[in-house]
Amino acid sequence: MVPEIKPARVRFAPSPTGRFHIGSARTALYDYLYARKTGGQFILRLEDTDQKRFDPQSESEFYESLRWLGLHWDEGPDIGGPHAPYRQSERVELYQEYADELVANGRAYHCFCTPERLSQVRQEQQKRKEPPRYDGLCRSLSEREVNARRDSGESTVIRFKTPREGVTTCIDLLRGPITIDNATVDDYILVKSSGMPVYHLAAMVDDYLMEITHVLRGSEWLPTFPLHVMIYQALEWQQPQWVHLSIFLNPSGKGKLSKRRTTNQRTSAKAIYALELRQMGYLPEAVVNWISLMGWSYDDHTEFFQMKDLIDKFTLEKLNPSPAAVNYSKLDHFNGLHIRALSTEDLTERLYPFFVNADVQCDPGLLAEITPLIQERIRSLEEAVEMAAFFFNPTVDPDPQELVGKNLTPAESATATRQALAVLRNLVSFEPEHTEAELRKLADTLGLSAGQLFGILRVAITGQRVSPPLIESMSIIGTETVLSRLEQAVEKLDGIADPE
RNA sequence: GCCCCCAUCGUCUAGGGGACCAGGACGUAGCCCUUUCAAGGCUAAGACCGGGGUUCGAAUCCCCGUGGGGGCACCA
C-alpha cells in the first residue's frame, strides 16, 4: 500500500530580475514534482516588488523556459486562479494590511532613519568589528511622536521588532531544527518607504494566503529563516513545511554557479540558462533528468528518468542538503540516452529546426531517412548538423590530403577510387547489402583492407573523416551524386599525385 | 569580522551502528564488437577531511578542529 499523502500546494516564486538559470529550473522542477506527486497544485507567483531591478524580458523567459521543460502551472499571473492576483506588485494593499497589524500588535514599528544615517551606522559598526545591523534608534518611539512625524510628511519604513532575548527554533525538513539567538537577528525592514513590501513580508503573506503547504527554496534563505518563522509566529499563522535546497556550485566545485562566468569563459563556457541549453541542442527531457539528480536521488541503480517516472518516485526525504557541483559531461550523457529513447519521427521533428538554423537546405522527407543513421551517434541535436549536412549540400569539398587512404600514396588512392567508380557504375542494384559485398570484393582484389578503401570513399562522398555508416549513406545520397563526388575525388587525388 | 549551513571516488551520489577490505552513475584507461565515429558489452584505477570521544563494534552518533558554501541592503 502506498501511504496516503495530502495534496500539497507548492509555489515557484521567481523575481523577474534576470534570466532563468538551471538553479531556478531545479527548484521549479522539485516544486512541480511534489505538487504532481501529491495530486496538489503547482503555483507560479511573480515576486516583482523591486522596481529598480525589474527586467521586462524576464517574465516571458520564465514562462518559455518552464513550458519548454514541461513544468506546467495550475495557478499563475497569466492564467489566474483562486488566489489571484499572482503578481506581488498587484497585492500591495494586502501586505500593508498585515504590516499595520504587526505595528498594532507591537511586533513591528515605524522607522524614520534615512539611508544616509543607516550606512553611517553600518560603517561605524564595521570599524568596531561589530556585525552590521540596525541600532534600534526608532524602536521605541511613542505613538504620538510617530504620528506627528508621519503627519509632517517624514518618510518612514516599517521594521520588524525582533525580540532582543530568547531563541527561535526553525524546522527545516532536511536539516532538522535550527536554533538561533534572537539577539543575532536584525530588525529587518518589512515595508519600504515607497510602501512596497520587502520579500520577507510579501512572501510570508502570500504563502499564507495562498495556502502554501511546502516552501521549497534555495538555501540562501537560511540566514533569514528565523525572521520568517518569527513573522509567522507574530501573526499566529501555522507554518508550512520548510525545505531549503542546496545550491549549485561551479563544475570545479569552487564557488556558486552563477558567479562562474568570470573564469574560463572561452575554453569551457557552459550554459547556465535553460534557453541556452535548448539552443545548444539539449532535450528538455535530458535537462530535467540531469537537474533532478543534483540534490536528489532515488536508489542505487536507477538514473534514467522521464518526467512521469520522476513524479512517481520523487520524495522530499531523499533530497540532499549539501551543495552540488554541476557536471556537464553527465548532461551530455543523459542527452544521448534521451535522444536514443525518442521515436525516429519525434527525433526528426526536433532535428529539423537545427538544420534550418544552420542554413542547410533540409528536406524533411530526406531527413527522416537519415535520422536512424545518426540517432545513436549524436549527443546533441546541434551535433546532427555537422554530422549530416553533407546529405543536403549539393557538393562536398574535402581537402585532397584527406582523400589519401591509410598507408597509401595519392596515386594508389586515385586508382582505388577509379576502380570503385567502375564497380559502382556497373552495379545492378544500389541496395546496401549488394553494394557492400561488391566493394568488399574490390578491396580484396586491390589488396586493401575494407577500412582502407572505405576510408577513401567516406571522405570522397561525405567530405568528412567521421560520418554515419558509409554504405547506407550512399544509398540515401543516390547513385548520381555518389558517382560525381567520386569523380571529383579522383581529380583531386590526381592533382596531388606524384607525376612519376 | 559576525551568524548560519554542509562534508563518502575528479564530479553526482548509495549508505542512516554490525549485511561495507564502502555500492552505482558520469568522466578517465584498457579490451571486445566494428568500414569511420558512436552505441553496446566486459575490465581497471579511484573516496569515508583530521583528531578526540560514545560503543563489543562507527562512513554512520557526539565534540573540537579544518575545509567548502551561503548570508550580513529601503535585493530577492
Side-chain angles (χ1 to χ4, degrees), chain A residues 13-18 47-50 52-53 111 113-115 118-119 122 125-126 128-133 155-159 170 172 174-175 178 180-181 184-186 188-194 196-200 202-203 217-226 244 246-247 249 251-256 290 293-304 318 320-334 336-337 340 374-379 383 387 436 439-440 443 449-459 462 464-471:
Chain A
S15 171
T17 53
E47 311 222 317
D48 59 342
T49 53
D50 186 356
K52 287 188 213 97
R53 294 200 309 154
C111 170
C113 295
T114 61
L118 295 177
S119 79
R122 252 193 301 274
Q125 285 164 332
Q126 264 157 4
R128 279 178 267 131
K129 307 224 170 189
E130 284 170 18
R133 52 180 297 171
S155 80
T156 169
V157 301
I158 295 176
R159 284 180 185 274
C170 312
D172 175 81
L174 309 182
R175 292 158 241 263
I178 301 167
I180 55 98
D181 286 330
T184 63
V185 181
D186 203 354
Y188 285 94
I189 288 175
L190 263 22
V191 179
K192 306 180 216 178
S193 55
S194 64
M196 272 289 188
V198 141
Y199 171 90
H200 303 124
R217 40 150 45 169
S219 61
E220 66 268 23
W221 293 112
L222 240 21
T224 45
F225 187 14
H244 292 90
S246 63
I247 44 133
L249 267 25
S252 65
K254 305 267 178 198
K256 203 181 174 185
W290 178 53
L293 257 9
M294 299 172 75
W296 176 81
S297 62
Y298 176 59
D299 65 13
D300 219 0
H301 358 273
T302 324
E303 286 210 326
F304 180 83
K318 297 290 275 182
N320 187 332
S322 49
V326 297
N327 182 180
Y328 286 99
S329 65
K330 200 146 185 172
L331 171 59
D332 287 339
H333 172 249
F334 280 128
L337 292 181
R340 275 171 259 134
I374 60 175
Q375 182 154 22
E376 67 181 24
R377 272 162 244 276
I378 53 173
R379 302 201 123 204
E383 238 177 77
M387 184 170 287
E436 177 167 1
L439 286 176
R440 281 184 185 278
S449 70
Q452 280 176 304
L453 178 61
F454 287 21
I456 300 168
L457 300 184
R458 180 185 312 283
V459 175
T462 69
Q464 302 166 188
R465 291 204 106 120
V466 172
S467 82
L470 181 62
I471 311 294

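Note on naming: letters A, B, ... go to the chains in the order of the sequence lines (proteins, then strands), and numbering restarts at 1 for each one.
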Watson-Crick or G-U counterpart of B:C49, or none if no pair lies under 3.5 Å
B:G65
Using a 4.0 Å heavy-atom cut-off across all strands, classify A:Leu293 as base, sugar-phosphate, or nothing.
sugar-phosphate
Donor-acceptor pair under 3.5 Å: do we get one between A:Arg465's side chain and the base of B:U36?
no
Between the base of B:C26 and the side chain of A:Ser329, is there a donor and acceptor pair under 3.5 angstrom?
no
With P as the reference atom in both, quote the distance from B:G18 to B:A58 in angstrom, rounded to an integer.
11 Å
Tell me whether the side-chain N/O atoms of A:Lys318 come closer than 4.0 Å to OP1 or OP2 in B:U13.
no
Nucleotide paired to B:A44 in any strand shown, Watson-Crick or G-U, under 3.5 Å:
B:U28
Taking only the P atom of each, what is the distance from B:C31 to B:A22 in whole angstrom?
27 Å
Nearest-Å distance, CZ (A:Phe225) to C1' (B:A76)?
17 Å
Taking atom C1' in both B:A47 and B:U35, compute the distance separating them and give it to the nearest angstrom.
42 Å
Does a side-chain N or O from A:Lys192 land closer than 4.0 Å to OP1 or OP2 of B:C75, or not?
yes
Which heavy-atom pair separates A:Lys330 from A:Glu303 by the least distance, and what is that distance?
NZ-OE1, 3.2 Å
Expressed as a whole number of angstroms, how long is the span from A:Tyr199:OH to B:A73:C1'?
16 Å
Examine B:C72: is either OP1 or OP2 under 4.0 Å from a nitrogen or oxygen in the side chain of A:Arg133? Give yes or no.
no
Evaluate the ring planes of A:His200 and A:Trp221, with Trp represented by its six-membered ring, and classify them as parallel (under 30°), tilted (30 to 60°) or perpendicular (over 60°).
perpendicular
Could you report the tightest heavy-atom contact between A:Asp172 and A:Leu174, atom names first, then the distance?
OD2-N, 2.9 Å
Under 4.0 Å, counting only non-hydrogen atoms across every strand here, what does A:Cys113 touch: a base, just sugar-phosphate, or nothing?
base
Step by step, would you call A:Ser219 with A:Arg175 a side-chain contact (heavy atoms from CB on, under 4.5 Å)?
CA-CA 11 Å; A:Ser219 61; A:Arg175 292 158 241 263; 4.2 Å; yes
With the side chain defined as heavy atoms from C-beta on, A:Ile471 is closest, among B:G71, B:A38, B:U35, to B:U35
Rounded to the Å, how far apart are A:Leu470 CG and B:U35 P?
11 Å
Nucleotide nearest A:Leu118 when distance is taken to its side chain, options B:A76, B:C74, B:G24:
B:C74
If B:A59 has a Watson-Crick or G-U wobble mate with both distances under 3.5 Å, name it; if not, just say none.
none
Opposite nucleotide pairing with B:A39, Watson-Crick or G-U, both atom distances under 3.5 Å
none
Side chain of A:Ile247, heavy atoms from C-beta onward: which of B:A76, B:C37, B:G70 has the nearest atom to it?
B:G70
Atom OH of A:Tyr298 and atom P of B:A25 are separated, to the nearest Å, by 17 Å
Just N and O in the side chain of A:Thr17: are any of them under 4.0 Å from OP1 or OP2 of B:A76?
no
Whole angstrom is fine here: how far is it from CD in A:Gln125 over to C1' in B:C72?
11 Å
Which nucleotide in the set B:A39, B:C26, B:U35 lies at the smallest distance from any side-chain heavy atom of A:His333?
B:C26
Result for 5'-nearest mapping on RNA chain B, choosing between A:Pro469 and A:Cys111, is A:Pro469
For A:Asp48, all residues meeting salt bridge (charged side-chain N to carboxylate O under 4.0 Å, His left out), sequence neighbours excluded:
none
Over how many whole Å does the gap from A:Leu453 atom CG to B:U35 atom P extend?
12 Å
Nearest heavy-atom neighbours spanning A:Pro132 and A:Gln126:
CG-NE2, 4.0 Å
Look at all strands and tell whether A:His244 reaches a base, only sugar-phosphate, or nothing, counting heavy atoms closer than 4.0 Å.
nothing
Short N/O separations, protein against nucleotides 1-9 of chain B, under 3.5 angstrom:
from : atom 1 : to       : atom 2 : distance (Å)
B:G1 : O2'    : A:Lys129 : O      : 3.1
B:C5 : O2'    : A:Arg175 : NH1    : 2.8

Judged by nearest nucleotide, the residue sitting upstream toward the 5' end of RNA chain B, A:Arg440 or A:Ser246, is A:Ser246
Tell me whether the side-chain N/O atoms of A:Arg379 come closer than 4.0 Å to OP1 or OP2 in B:A39.
yes
Between B:U60 and B:C21, how far apart are the two P atoms, rounded to whole Å?
15 Å
Less than 4.0 angstrom between a side-chain N/O of A:Arg122 and OP1 or OP2 of B:C72, yes or no?
no
Of all the choices, B:C75, B:G70, B:U36, which nucleotide is nearest to the side chain of A:Arg458 once you look at every atom?
B:U36
Is the shortest side-chain N/O distance from A:Lys330 to OP1 or OP2 of B:G27 below 4.0 Å?
no
Quick one, A:Phe454 and A:Arg440 - any side-chain contact, counting heavy atoms below 4.5 Å?
yes
In whole angstrom, give the distance that lies between atom CZ of A:Phe334 and atom P of B:U11.
17 Å
